[in-house]
Amino acid sequence: MSARAESVSHLRGKNLLAEKFRRLGYQVQLEETYRDQGRRVDVAVTLPTGDRRPRVAVEVQDSALAVETTKARTRTDRSLGFIGTMWVFTDKRARVNLPREVPRGPYAHPG
């Protein structure tokens with residue numbers, strides 16, 4: 001878990017996603033902490049399907065993060081019982097990481 005302060009866009013992103021999931025009828029927990037694993041999930045979403053109620057970890061990423069760190073966090077999430085981790089990159093991250101010609105925005109995909 002990082003002790004660094006979160007950026008405004010990171011906080012806004014987490015809260016926006018949590019509210020959207022709630023409006024869609026999902027159970028949502030912000031900042032779900034697992035101290036033994038050193039992990040804090042930005043938004044834990046419980047899917048309203050079946051008896052098992054699968055859960056997804058949603059991570060808002062506004063700062064640079066190594067690929068290996070992303071993979072390690074995703075593995076930890078699986079070990080905690082999440083069926084997957086959804087990584088949501090802020091516009092700041094997209095501007096830094098995506099080439100200019102790549103379409104941006106919801107449902108954007110190359111050619």
Side-chain angles (χ1 to χ4, degrees):
M1 286 183 308
S2 174
R4 281 180 29 187
E6 296 175 314
S7 69
V8 172
S9 57
H10 183 257
L11 290 169
R12 284 181 182 162
K14 285 192 312 189
N15 287 308
L16 175 69
L17 287 167
E19 183 57 34
K20 295 282 185 182
F21 281 117
R22 282 187 186 113
R23 285 185 191 158
L24 292 170
Y26 298 103
Q27 181 181 348
V28 174
Q29 176 67 44
L30 277 169
E31 298 284 323
E32 192 163 283
T33 303
Y34 299 89
R35 292 195 191 283
D36 290 346
Q37 291 80 9
R39 183 79 175 99
R40 181 177 61 216
V41 174
D42 285 337
V43 184
V45 179
T46 303
L47 308 177
T49 56
D51 296 332
R52 299 187 70 202
R53 313 249 319 148
R55 303 180 76 219
V56 174
V58 180
E59 287 298 315
V60 176
Q61 197 58 46
D62 189 49
S63 60
L65 188 68
V67 172
E68 286 308 313
T69 302
T70 305
K71 289 178 181 179
R73 289 183 185 176
T74 300
R75 282 191 301 271
T76 298
D77 294 346
R78 293 286 294 201
S79 75
L80 293 168
F82 291 95
I83 62 170
T85 304
M86 181 172 72
W87 291 88
V88 179
F89 296 89
T90 64
D91 187 52
K92 172 183 160 187
R93 282 289 89 201
R95 283 193 306 269
V96 169
N97 294 325
L98 295 176
R100 287 193 105 130
E101 64 275 4
V102 174
R104 296 185 180 128
Y107 314 109
H109 58 85

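One-based numbering along the sequence shown.
- Using a distance-only test at 3.5 Å, with no hydrogens or angles considered, a donor-acceptor pair links the side chain of Q61 to the main chain of S63.
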- Query: Can V56 and I83 be said to form a side-chain contact (heavy atoms from CB on, under 4.5 Å), step by step?
  - Reply: CA-CA 6 Å; V56 174; I83 62 170; 3.8 Å; yes
Checking side-chain hydrogen bond (donor to acceptor under 3.5 Å, both in side chains) for the pair T70/E68: CA distance, chi angles, key distance, verdict? CA-CA 5 Å; T70 305; E68 286 308 313; over 6 Å; no
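- If you take CG on L80 and CG on D36, they are separated by 9.5 Å, rounding to the nearest 0.5 Å.
- Taking Y26 as the reference, F21 meet the ring-ring contact (aromatic ring centres under 6.0 Å, His included) condition, with sequence neighbours excluded.
- For the pair F82 and A44, the tightest heavy-atom approach, listed with the atom from each and the gap, is CE2-CB, 3.9 Å.
- Counting only heavy atoms from C-beta outward, the side chains of L65 and R73 approach each other to under 4.5 Å.
- Heavy-atom minimum distance, G13 versus V60: C-CG2, 3.9 Å.
- Considering every non-hydrogen atom in both P48 and R53, the closest pair reads CA-NH1, 3.6 Å.
- Linking Ile, Leu, Val, Met, Phe, Trp and Tyr whenever their side-chain heavy atoms come within less than 4.5 Å puts V43 and L24 in one cluster.
- Between the CD atom in Q27 and the OG1 atom in T46 there is a gap of 4.5 Å [rounded to 0.5 Å].
- Using a 4.5 Å cut-off on side-chain heavy atoms (C-beta onward), V41 and Y34 make contact.
- Within a 6.0 Å sphere centred on CZ of R22, heavy atoms belonging to other residues, nucleotides or ligands number more than 12.
- For the atom pair NZ (K20) and CZ (R23), the distance works out to 5.5 Å, reported to the nearest 0.5 Å.
- Rounding to the nearest 0.5 angstrom, the gap separating the CG atom in D42 from the CD atom in E32 is 11.5 Å.
- At a threshold of 4.5 Å between non-hydrogen side-chain atoms, the residues L30 and N15 count as touching.
- Checked against T85 for a side-chain contact (heavy atoms from CB on, under 4.5 Å), the options T76, V58, D77 give a single hit: D77.
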